[in-house]
Amino acid sequence: DANTAVCVQPDYCPFWWDDCGDDRRRRSVGACVNADECSDSNGGCSAHATCTDTVGSFACQCLAGYLGDGITCIRCDSASACKAQVSFSATIATSRVEFEFGGGQQRYAAAVASAARVTPIDVQIGEPSQIDFTSRRRSLLETAVVVPTIVTTDATEAPSLVSTLAARLSEALQKEGLRFLRVASVEVGAAGSSQDDQGDD
């Protein structure tokens, strides 16, 4: 096929010989060869990770002294002591008064702890801000609060939490009787370290 065959006479080969697949390129002699993703910006891997090229793909692995999925790597001394902080802003369909004085903040904290699979003490909630928005579903002006949140978790769990944060929060908040709208400004950093000590921003 076009991924493995060599066109002996490129000037006479049909146009479909140029189709070498997503991770391949065509040489002038007509052969499809592997493209080295790692040669460009370390393949998208963390600056604290190695990028290993494979045929049609690549793999990222954090360097010694770092933990993560290779895309996000957190600096730490040991796996048992390595903690990461996942910070984000969650938007919840409720008023600020209800959130702060009607039990919404406690229910939100419980939902975040459940979604992140951490104890409530590992959840820090900042000062919420109220916004008004027009609901597409209800075509009404509604009120919501944007809640800055920081979750401290194991560095090995941080990449998984980031990739599934919205789905986990939506489910956990629904159980607490709160309507989740969206999550934004998600960042990962090393817990208890200065900016210079962090792996990836």
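Residues take their numbers from the sequence shown, with the count starting at 1.
A side-chain donor from one of R168 and S160 sits under 3.5 Å from a side-chain acceptor of the other. Residues Y108 and T94 bring no donor and acceptor atom of their side chains to less than 3.5 Å of each other.
Between F88 and V151, the closest side-chain pair of non-hydrogen atoms falls below 4.5 Å. The shortest side-chain heavy-atom distance between T149 and V123 falls under the 4.5 Å cut-off.
Closest of all the heavy-atom pairs between A144 and L181 is CB-CD1, 3.8 Å. Scanning both residues, T152 and Q124, for their nearest heavy atoms gives OG1-NE2, 4.3 Å. Scanning all heavy atoms of the two residues, the minimum distance from T72 to P159 falls at O-CG, 4.5 Å. The two atoms that bring F58 and T54 nearest to each other are N-OG1, 3.4 Å, heavy atoms only. Scanning both residues, V147 and G126, for their nearest heavy atoms gives CG1-O, 4.5 Å. Between S95 and V145, the closest heavy-atom pair is C-CG1, 3.7 Å.
A donor-acceptor contact shorter than 3.5 Å is absent between the side chain of R179 and the backbone of I92. Looking only at distances, no side-chain donor or acceptor of S41 sits under 3.5 Å from a matching main-chain atom of G44.
With hydrophobic clusters built from ILVMFWY side chains whose heavy atoms lie under 4.5 angstrom apart, I74 shares a cluster with V118.
Taking CG from D36 and CG from D53, the interatomic distance works out to 4.0 Å, rounded to the nearest 0.5 Å. Note that OG1 of T91 is 5.0 Å distant from CZ of R182, once rounded to the nearest 0.5 Å. Note: F99 CZ to T143 OG1 = 14.5 Å, rounded to the nearest 0.5 Å. Separating the CD atom in E171 from the CZ atom in F180 is a distance of 12.0 Å, to the nearest 0.5 Å.
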Candidate pair C73 and C62, rule disulfide (SG to SG under 2.5 Å), full reasoning: CA-CA 6 Å; C73 296; C62 294; 2.2 Å; yes
side-chain contact (heavy atoms from CB on, under 4.5 Å) between V86 and I150, worked out: CA-CA 6 Å; V86 180; I150 298 177; over 6 Å; no
S46/Y66 under side chain to side chain donor-acceptor pair (under 3.5 Å): CA gap, chis, key distance, verdict: CA-CA 10 Å; S46 165; Y66 294 83; over 6 Å; no
Q105 vs I125, side-chain contact (heavy atoms from CB on, under 4.5 Å): CA-CA, chis, key distance, verdict: CA-CA 8 Å; Q105 183 166 328; I125 299 174; 4.2 Å; yes
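Applying the salt bridge (charged side-chain N to carboxylate O under 4.0 Å, His left out) test to pairs two or more places apart or on separate chains, those with a residue in residues 103-115 are E98-R107. Within the structure, the side chain to side chain donor-acceptor pair (under 3.5 Å) test picks out the following pairs touching residues 109-120 (sequence neighbours left out): T119-D122.
Annotation: E100, atom CD; neighbour count of heavy atoms from other residues, nucleotides and ligands within 6.0 Å is above 12. The 12-atom threshold is exceeded at CD of E176, counting heavy atoms of other residues, nucleotides or ligands nearer than 6.0 Å. No more than 12 heavy atoms of other residues, nucleotides or ligands lie within 6.0 Å of CD in Q174, so this atom counts as exposed by the packing criterion.
Other members of the cluster containing V146 are I131, with ILVMFWY side chains joined at under 4.5 Å, either directly or via other members.
Across the pair C60 and C45, the gap between the SG atoms, which is the quantity tested here, stays under 2.5 Å.
Of the charged side-chain nitrogens involved, none lies within less than 4.0 Å of a carboxylate oxygen, so that E157 and K83 do not count as a salt-bridged pair.
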